[in-house]
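First listed ligand is number 1; within each ligand, the first listed atom is number 1.
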Amino acid sequence: MKHRLLPVSLLLCAVLGAFSLSAREDASVIPLPAPKTEGGKALMNVISQRRSARRFKSDEIPLKTLSSLLYAAWGISSPDGKRTIPTARNAQSLEVFVLFPSGCYKYDAKNNALVLSVRGDLRGYAFMRPEMPRSAPLVLVYVGKNTSMPAEFNHFHAGAAVQNVYLFCTAEGLSTVVCGGFDKKKMAEAMKLDEGHTVLYTQPVGFPAD
Ligand SMILES: Cc1cc2nc3c(=O)[nH]c(=O)nc-3n(C[C@H](O)[C@H](O)[C@H](O)COP(=O)(O)O)c2cc1C
């Protein structure tokens with residue numbers, strides 16, 4: 001009887017692991033399930049309800065939801081490689097990272113995966129004000145890559161991604177706030193970013209605390 005139960009429990013672990021982040025906490029690559037690319041709440045309702053919120057439960061966000069959130073921010077939405085947000089001359093000079101308690105991961109939209117870049121909890125670098133939440137289960141970090149175009153174009157790109165994330169969170173009952181008030185140099189050092197890469201904004205995401 002024991003022998004018959006073992007494969008079942010292994011299978012269960014594998015299935016749960018596919019949907020839970022903590023089951024993959026130490027992985028150097030976290031494959032994401034396919035994002036949701038259709039449906040959701042009516043656009044004008046979501047636009048009207050969007051708000052910043054700063055208190056989060058520490059509960060983990062399901063991987064499917066995270067995949068859809070990242071798709072909204074910076075996903076590839078057509079076979080020619082165009083993204084869910086516009087970029088100047090289609091330069092795509094943006095990178096999106098996710099800070100978890102276990103480490104900092106880069107979103108690889110092409111392979112729909114998160115790739116470990118730095119181990120350890122960097123979420124504390126994301127907020128300057130002490131009242132800012134440290135309980136959010138994840139923090140997005142928007143990083144601009146230098147191009148020959150004006151640097152402010154990268155802020156535009158991050159802004160478009162930030163707004164998509166706001167709207168996604170509103171539709172999915174998640175809380176978020178964009179943050180520009182923190183030490184970006186320290187954050188870039190902690191993330192071990194290459195030359196020519198600039199931290200632009202952070203955006204914690206989680207279920208509302210209230
Ligand atoms: C560029 C930018 C930077 C921001 N930086 C911070 C920040 O560092 N900390 C914070 O709590 N909110 C920050 N916010 C959020 C604003 O405070 C918030 O959008 C504003 O109060 C309006 O509220 P609403 O988003 O709910 O409409 C920032 C917003 C923007 C657009």
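- Close approach to R50 involves these atoms of ligand 1, each under 4.0 Å from a residue heavy atom: 24 (P), 25 (O), 27 (O).
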**Message:** Using salt bridge (charged side-chain N to carboxylate O under 4.0 Å, His left out), reason through D183 and K185 one step at a time and then give a plain yes or no.
**Reply:** CA-CA 6 Å; D183 190 330; K185 217 171 148 222; over 6 Å; no
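- Of all atoms in ligand 1, numbered sequentially from 1 with element shown, those under 4.0 Å from a heavy atom of Y201 are 1 (C).
- Annotation: F207 is not in aromatic contact with F56 [ring centroid separation under 6.0 Å not met].
- The pair K36-E172 meets the salt-bridge criterion, with a side-chain N (NZ, NE, NH1 or NH2) lying under 4.0 Å from an Asp/Glu carboxylate O.
- Looking at V162, T202, V178, it is V178 that brings a heavy atom closest to atom 2 (C) of ligand 1.
- Counting heavy atoms from C-beta on, the side chains of K106 and V143 never come closer than 4.5 Å.
- Ion pairing between K110 and D108 fails under the 4.0 Å rule for side-chain N and carboxylate O.
- Here H157 and Y142 keep their ring centres 6.0 angstrom or further from each other.
- Between the choices G181, A126, S52, the shortest heavy-atom distance to atom 25 (O) of ligand 1 belongs to S52.
- Shown in contact with R51 at under 4.0 Å from a heavy atom are these atoms of ligand 1, numbered in order with element: 26 (O), 27 (O).
- Near V177, meaning under 4.0 Å from any of its heavy atoms, are these atoms of ligand 1: 12 (N), 15 (C).
- Taking a 4.0 Å cut-off on heavy atoms, F182 fails to register as neighbouring ligand 1.
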